[in-house]
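Here is the structure we will look at.
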Amino acid sequence: QVQLVESGGGLVQAGGSLRLSCAASGRTFSSYSMGWFRQAPGKEREFVAAISWSGGRTYYRDSVKGRFTISRDNAKNTVYLQMNSLKPEDTAVYYCAASQFQYSLSDNDMYRYWGQGTQVTVSS
């Protein structure tokens, strides 16, 4: 069982930055791939970024490449999402998730555990 708690969301102006954190409980955090997803009002939840269990591989959706960076600290059981050059279209609830798989990490269905989400609002 893994419990995930996101933090770091808030209101920021376009062009600004935020760093989201996701703290995980449990002793097996380092064995999970981790992902960030987001859901804007009236839209489907979408993949944002993912990182392998070791941190050696990272994946991003095209619209955030070069602006967002996912990282993890297995000693702290925490995964991060550094978001720079934020745009109004990045406004959404952001969720972190844990997967026992090492592939297809952009697919919601590959993730077993989900956090409750943190709101990110980018004003224009």
Side-chain angles (χ1 to χ4, degrees):
Q1 184 80 6
V2 176
Q3 292 185 319
L4 303 172
V5 179
E6 301 97 334
S7 62
L11 173 64
V12 64
Q13 288 188 329
S17 299
L18 284 173
R19 188 175 82 154
L20 305 183
S21 299
C22 174
S25 66
R27 295 173 292 177
T28 59
F29 173 76
S30 61
S31 66
Y32 289 89
S33 299
M34 299 296 296
W36 285 97
F37 291 77
R38 66 187 181 188
Q39 187 168 20
K43 295 188 176 181
E44 297 281 325
R45 186 162 57 189
E46 63 183 19
F47 169 75
V48 177
I51 189 166
S52 63
W53 65 271
S54 67
R57 288 173 291 154
T58 57
Y59 311 88
Y60 298 93
R61 71 178 298 106
D62 286 346
S63 63
V64 308
K65 285 180 181 176
R67 299 189 298 123
F68 291 11
T69 302
I70 188 171
S71 61
R72 66 189 298 161
D73 185 337
N74 286 343
K76 295 183 178 180
N77 280 14
T78 302
V79 62
Y80 305 97
L81 186 67
Q82 177 67 43
M83 305 186 295
N84 299 327
S85 302
L86 282 161
K87 304 176 180 180
E89 51 263 43
D90 295 318
T91 295
V93 177
Y94 282 70
Y95 300 90
C96 72
S99 172
Q100 295 172 292
F101 300 100
Q102 301 294 327
Y103 54 88
S104 300
L105 295 177
S106 62
D107 185 347
N108 283 7
D109 292 338
M110 303 305 286
Y111 292 83
R112 182 173 182 181
Y113 301 106
W114 292 83
Q116 293 299 306
T118 185
Q119 177 71 46
V120 171
T121 303
V122 185
S123 64
S124 57

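The figures that follow rest on heavy atoms only: side chains count, while hydrogens, waters and symmetry mates do not.
Checking side-chain atoms of Glu6 against main-chain N and O of Cys22 turns up no donor-acceptor pair under 3.5 Å. Side-chain atoms of Arg61 come within 3.5 Å of backbone N or O of Phe47 as a donor-acceptor pair. Between the Ser124 side chain and the Pro88 main chain, no donor and acceptor come within less than 3.5 Å of each other.
In this structure, OH in Tyr113 is found 13.5 Å from SG in Cys96, a value given to the nearest 0.5 Å. The structure places CZ of Phe68 at 9.5 Å from OG of Ser17, a figure rounded to the nearest 0.5 Å. Atom CD1 of Ile70 is separated from atom CD of Gln82 by 12.0 Å, given to the nearest 0.5 angstrom. Going from atom CG of Asn77 over to atom OG of Ser25 covers 8.0 Å, rounded to the nearest 0.5 Å.
Screening Leu20, Thr69, Leu18 for a side-chain contact (heavy atoms from CB on, under 4.5 Å) involving Leu81 leaves a single residue, Leu20. Just one of Tyr95, Phe101, Phe37 meets the ring pair (Phe, Tyr, Trp, His ring centres under 6.0 Å) condition when paired with Tyr111; it is Phe37. Residue Met34 forms a side-chain contact (heavy atoms from CB on, under 4.5 Å) with just one option from Val2, Ile51, Leu105, and that option is Ile51.
Annotation: side chain of Gln100 is in contact with side chain of Tyr32 (closest heavy-atom distance under 4.5 Å). Looking at heavy atoms from C-beta onward, Trp114 lies in side-chain contact with Arg45 at the 4.5 angstrom threshold. Two residues are said to be in side-chain contact when any heavy atoms from C-beta on lie closer than 4.5 Å; Arg38 and Val64 meet this criterion. Between Thr91 and Gln119 the shortest side-chain heavy-atom distance falls below 4.5 Å.
Of all heavy-atom pairs spanning Ser71 and Val79, the tightest one is O-CG2, 3.1 Å. Shown here for Arg72 and Ser30, the closest heavy-atom pair between the two residues is NH2-CA, 4.0 Å. A pairwise comparison of heavy atoms in Met110 and Ser99 identifies O-OG, 2.7 Å as the closest pair. Here the shortest heavy-atom pairing between Thr78 and Ser21 reads CG2-CB, 4.3 Å. Of all the heavy atoms in Asn74 and Trp53, the pair that sits closest is ND2-O, 3.1 Å.
A salt bridge does not link Asp90 to Lys87: none of the charged side-chain nitrogens sits closer than 4.0 Å to a carboxylate oxygen.
Taking the ring centre of Tyr60 as origin, the terminal cationic atom of Arg67 falls outside the region bounded by 6.0 Å and 45° from the ring axis.
Dense packing is recorded around CD of Gln39, with more than 12 heavy atoms of other residues, nucleotides or ligands lying under 6.0 Å away.
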